[in-house]
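Written out below as structure tokens is the structure these notes cover.
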Amino acid sequence: MSNSSQAQDPGHIAHVHARRVWDSRGRPTVEAEVTLARGRTSPAVFCGRAIVPAGASKGRREALELRDGGGRFGGLDVQRAVGHVNGEIARALVGMPAGDQAAIDARLIELDGTPNKQRLGANATLAVSMAAAQAAAAAAGRPLYEHLAHGLGAPGEALRLPLPQIQIFGGGAHAGRRVDIQDFMVLCPGAASFAQALEWTAEVYRHAGLLMRERGALAGVADEGGWWPAFDSNEQALSALVQAIERAGFAPGEQVAIVLDIAASDFGQGGRYRLGLEGRELTSDGLIELLLHWCERYPIASIEDPLAEDDLEAFARFTQAVGARVQVVGDDLLVSDAALVRAAADRGAANTVLLKPNQRGTLTETWQCWQAARAAGYAGIVSARSGETEDTTIVDLAIGWGVGQLKVGSFARGERMAKWNAALRIEERLGAAARFAGAAVLGRNLPRA
Ligand code: PGA
Ligand code: ZN
């Protein structure tokens, strides 16, 4: 599209369509297509498509994912959400100017009319919100990340490839609760590029698998592609991870550091936490003490949901204790919600927000959360869900919005690799202009090995 005045007008929404497709757990999910038309006589047509993911360890305050209930597919069918897109949503959006994402999302929010998307379903609204952004980017003749950087994002900085957080062992709700902790991940602060961070992680992942096979501790592959570990304690997973980093030839903490998602809301509430694997129950302060001990003994750079979503004061005490040297991430605590980020920041709880668009149901609300986080001095991580698909929209969000970190699961399974590979393509396309976020995005000192 060489004519720049034409390129600035993406046209109007001509057609909105949804269908049921299947996610990485073999469960139904919503795919939407938004078609734009530009010009009256022989209009140019552009299409955007997106699929929504689904979580397993969800925060209580997430926007509602509408499921049909009943006996079919365990009650998880999405025919009602699909019907909402093909009916009400399509009628409301057709004819709208395609370039204004904020207006499209505002229309979706208004149409739903509930605080939590519980009428139309966040799976219906997000599929359309993302597909509209994809279509507008196509009409502008730009990749989505670039379109976002010029639109909602406008970070006014050179585009950066994110620092990836990559799962090595899966646990918690993603591996039959075989270990209590949900994600044992790595990040590569010492890598010089996104491509190199993936190369290093490939070696760590491979060595972790070999090591577990040697120990008879390999029980399969968890929901997000990490090894399903048969360990006797949570700490055994930590020491195995350090060993895998060393066997892969890297310096723990300096080149490759550990990232944990405790997902504590899954095994605790009301200030009591039950570690099933170890058969013990801890108070909030007991769990804090255990995590601080781990932070001293292991090269941990980042901890997500160290305490439950109903334990804000303990979350703040933990942040106070380690926040200067460890990234403390709110997922279930913040559910990508701008108001919850502001409230947490007021109490000094967490210093980083996890951004999952389906926790809110539109791109604009997710973007607003990221703005609130930036204003509070938080770092950010764009994240996939445990139920994913080949959709790679979140990679563009991480880069276009300048978020700096990306978490999409492990280094295996197509739905995960599709996203890492999409980021690799963008790094290559940006060429010399590509900058890698590296350790600087953590905004704090990394622990020593
Ligand atoms: P979920 O887990 O997608 O199953 O909610 C991911 C996470 O807790 O970060
Ligand atoms: Zn989480």
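For the numbers below, each heavy atom of this structure counts, side chains included, while hydrogens, waters and symmetry mates do not. Note that the structure is a prediction, hence the values are computed from the model and not measured. Counting starts at 1 for both ligands and their atoms, in listed order.
A salt bridge links Asp68 with Arg80: the closest approach of a Lys/Arg side-chain nitrogen to an acidic carboxylate oxygen falls below 4.0 angstrom. Using a 4.0 Å cut-off between charged nitrogen and carboxylate oxygen, Asp337 and Arg360 count as a salt-bridge pair. A salt bridge between Lys407 and Glu304 is present, with a side-chain N of the basic residue lying under 4.0 Å from a carboxylate O of the acidic one.
Those atoms of ligand 1 that come under 4.0 Å of a heavy atom in Asp331, given as number and element, are 7 (C), 8 (O), 9 (O). Each of the atoms 1 (P), 3 (O), 4 (O), 5 (O) of ligand 1 lies under 4.0 Å from some heavy atom of Gly55. Proximity to Asp261 (heavy-atom distance under 4.0 Å) selects the following atoms of ligand 1: 7 (C), 8 (O), 9 (O). Which parts of ligand 1 touch Glu304 is read off a 4.0 Å heavy-atom cut-off, strictly below it: atoms 9 (O).
The closest approach between Ala263 and ligand 1 stays at or above 4.0 Å for every heavy atom of the residue.
With hydrogens left out, the protein atom closest to atom 8 (O) of ligand 1 is Gln182 NE2, 2.9 Å, a heavy atom. If you check which protein heavy atom lies closest to atom 5 (O) of ligand 1, you get Arg385 NH2, 2.7 Å. Closest to atom 9 (O) of ligand 1 among all protein heavy atoms lies Lys407 NZ, 2.7 Å.
A salt bridge (charged side-chain N to carboxylate O under 4.0 Å, His left out) with Glu388 is found for one member of Arg413, Lys419, Arg416 and no other, namely Lys419. Test Asp183, Asp223, Asp261 against Gln167 for side-chain hydrogen bond (donor to acceptor under 3.5 Å, both in side chains) and you get one pass: Asp183.
Polar contact check, Ser383 against ligand 1: no nitrogen or oxygen pair lies under 3.5 Å apart. For the pair Ala54 and ligand 1, the shortest N or O to N or O distance does not fall below 3.5 Å. Between Lys356 and ligand 1, an N or O atom pair is found at a separation short of 3.5 Å. The shortest N or O to N or O distance between Arg25 and ligand 1 is not below 3.5 Å.
Separation of the Trp22 and Phe73 ring centroids falls under the 6.0 Å cut-off. Between Tyr145 and Trp401, the distance separating the two ring centers is not shorter than 6.0 angstrom.
In this structure, Val335 and Leu340 have side chains that are in contact, with non-hydrogen atoms separated by less than 4.5 Å.
Contacts of Asp223 with ligand 1, taken as heavy-atom pairs under 4.0 Å, are absent altogether.
Under the 3.5 Å distance criterion, the side-chain polar atoms of Glu203 are left unmatched by any main-chain donor or acceptor of Trp200.
Between the side chains of Arg25 and Ser386, at least one donor N or O lies within less than 3.5 Å of an accepting N or O.
Within the protein, the N, O or S atoms sitting under 2.8 Å from the Zn ion (ligand 2) are Asp261 OD2, Glu304 OE2, Asp331 OD2.
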Practice task
Any chance you could lay out the side-chain contact (heavy atoms from CB on, under 4.5 Å) test for Gln327 and Val329, step after step, and finish with the verdict?
Solution key: CA-CA 6 Å; Gln327 179 169 266; Val329 185; 3.8 Å; yes

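Taking all atoms of both residues into account, the shortest heavy-atom contact from Ser57 to Arg385 is O-NH2, 4.2 Å.
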